[in-house]
Number of protein chains: 2
Amino acid sequence: MQIVFKALNDEVRREILELLKSKDLSAGEIADHFNLGKPTISHHLDLLRQAELVSCRKQGQFVIYSIETSVMDEVLKWMMGFREKHSKEQNKNIKNQTI
Amino acid sequence: MQIVFKALNDEVRREILELLKSKDLSAGEIADHFNLGKPTISHHLDLLRQAELVSCRKQGQFVIYSIETSVMDEVLKWMMGFREKHSKEQNKNIKNQTI
DNA sequence: TAGATATTTCGACAAATATCGAATTAATAT
DNA sequence: ATATTAATTCGATATTTGTCGAAATATCTA
């Protein structure tokens with residue numbers, strides 16, 4: 001859990017996840033979306049991979065990254081746990097919705 | 001969003017939220033659950049308050065903290081956004097559940 | 001008013017983090 | 001083979017973060 005929140009605690013990494021939501025991308029393609037050095041992006045990708053928020057496969061000289069959503073489900077479950085006990089007048093929007 | 005993830009990116013702060021899930025607590029009561037100085041806990045509570053994950057009210061000499069769940073809903077929504085496009089064989093557990 | 005209790009603010013410091021450029025590894029192409 | 005392209009690893013650095021003890025603030029009580 002710690003490692004997931006750590007991975008999510010950075011605007012660049014969250015934006016990388018948004019990019020990968022649409023389609024898989026190579027490390028270089030991801031780097032092109034930011035004004036940051038490639039080593040920096042590589043490091044961010046490493047953290048995302050450690051958290052298992054992304055996976056990667058080698059395709060020739062490229063490394064293709066994909067988003068992985070199962071870990072997010074864990075976080076979702078954890079967060080939903082807070083909306084059980086203490087819900088008074090809140091949860092009007094999400095409760096009783098099917099996701 | 002940044003400030004919320006920042007607040008959640010700490011085991012102590014997440015544990016504080018767990019404590020407050022059951023019932024409202026004073027700053028001192030919260031501090032008693034940890035092997036940390038009161039200034040440290042006060043600082044953690046400040047970050048949680050900045051993220052609006054908790055609120056507090058003064059009751060005499062005490063400061064009582066409550067959990068606030070509406071911000072979590074925002075994060076929940078953000079996270080659920082990732083489970084739309086890219087869902088292949090994943091989301092077996094949560095999808096089609098009512099929360 | 002004086003003293004006790006609850007909490008926060010302040011100043012300092014060690015550890016963690018994001019970033020960079022240079023060097024390295026791996027694959028492709030000429 | 002050699003040069004080129006893609007990506008990572010390495011070493012360094014500035015910033016952020018968690019922690020502490022001491023001091024300050026606020027409230028209660030005798």
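Here the structure is a predicted model, which is why all the values come from computation and not from measurement. Numbered from 1 within each chain, the chains take letters A, B, ... in sequence-line order.
- Phosphate proximity of C:dT7 to B:S26: present, with a side-chain N or O under 4.0 Å from OP1 or OP2.
- No contact: B:R49 has no heavy atom under 4.0 Å from any strand.
- Note: CG (B:D46) to C1' (C:dC10) measures 13 Å, nearest angstrom.
- The side chain of A:Q61 sits closest to C:dT28 out of D:dG18, C:dA18, C:dT28.
- One atom, CD of A:Q59, and another, C1' of D:dT5, lie 16 Å apart when rounded to the nearest Å.
- A straight line from CG of A:L36 to P of C:dA18 spans 12 Å, rounded to a whole angstrom.
- If you check every strand for non-hydrogen atoms under 4.0 Å, B:L47 touches sugar and phosphate atoms only.
- Along DNA chain D, the nucleotide closest to A:I41 and the one closest to A:N9 are compared, and the more 5′ of them pairs with A:I41.
- Residues B:F34 and B:L19 are in side-chain contact: their nearest non-hydrogen atoms beyond the backbone lie under 4.5 Å apart.
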Item to complete: Would you sort out whether B:W78 and A:L8 count as a side-chain contact (heavy atoms from CB on, under 4.5 Å), showing the intermediate values?
Response: CA-CA 12 Å; B:W78 181 82; A:L8 292 173; 4.1 Å; yes
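- Both A:G60 and A:N35 lie near DNA chain C, and the one whose nearest nucleotide falls closer to the 5' end is A:N35.
- Within the 4.0 Å cut-off from OP1 or OP2 of D:dT8, at least one side-chain nitrogen or oxygen of A:Y65 is found.
- Between A:K77 and A:E74, no side-chain nitrogen of the basic residue sits less than 4.0 Å from a carboxylate oxygen of the acidic one, so the salt-bridge criterion is not met.
- Nearest approach of A:Y65 to A:I30, heavy atoms of both residues: CB-CD1, 4.1 Å.
- Judged by distance alone, the side chains of B:Q2 and A:D10 never bring a donor and an acceptor atom under 3.5 Å apart.
- The side chain of A:A27 lies closest to D:dA7 when the candidates are C:dT7, D:dA7, D:dG18.
- Here A:F34 lies out of heavy-atom contact (under 4.0 Å) with every strand.
- For B:P39, the listed nucleotide lying nearest its side chain is C:dT9; candidates were C:dA6, C:dT9, D:dT8.
- Rounded to a whole Å, the CG atom of B:L8 is 16 Å from the C1' atom of D:dT17.
- Between the NE2 atom of B:H43 and the P atom of D:dT19 there is a distance of 9 Å, given to the nearest Å.
- The phosphate of C:dA18 (OP1 or OP2) has no side-chain N or O of A:T40 nearer than 4.0 angstrom.
- Side-chain proximity of A:K6 to the nucleotides D:dT19, C:dT17, D:dA7 is greatest for C:dT17.
- A:H44 comes within 4.0 angstrom of sugar-phosphate atoms only, judged by non-hydrogen atoms across all strands, and of no base.
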Practice prompt. Test A:M72 against B:M79 for side-chain contact (heavy atoms from CB on, under 4.5 Å), laying out the working first.
Written response: CA-CA 7 Å; A:M72 291 239 198; B:M79 286 195 142; 4.1 Å; yes
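- In this structure, the CD1 atom of B:I16 is 14 Å from the C1' atom of D:dT19, given to the nearest Å.
- Side chain of B:S42, nearest nucleotide from C:dT8, C:dT19, D:dC20: C:dT8.
- Rounded to a whole Å, the NZ atom of A:K58 is 5 Å from the P atom of C:dA27.
- Following rounding to the nearest Å, B:Q2 (CD) and C:dA18 (C1') show an atom-to-atom distance of 12 Å.
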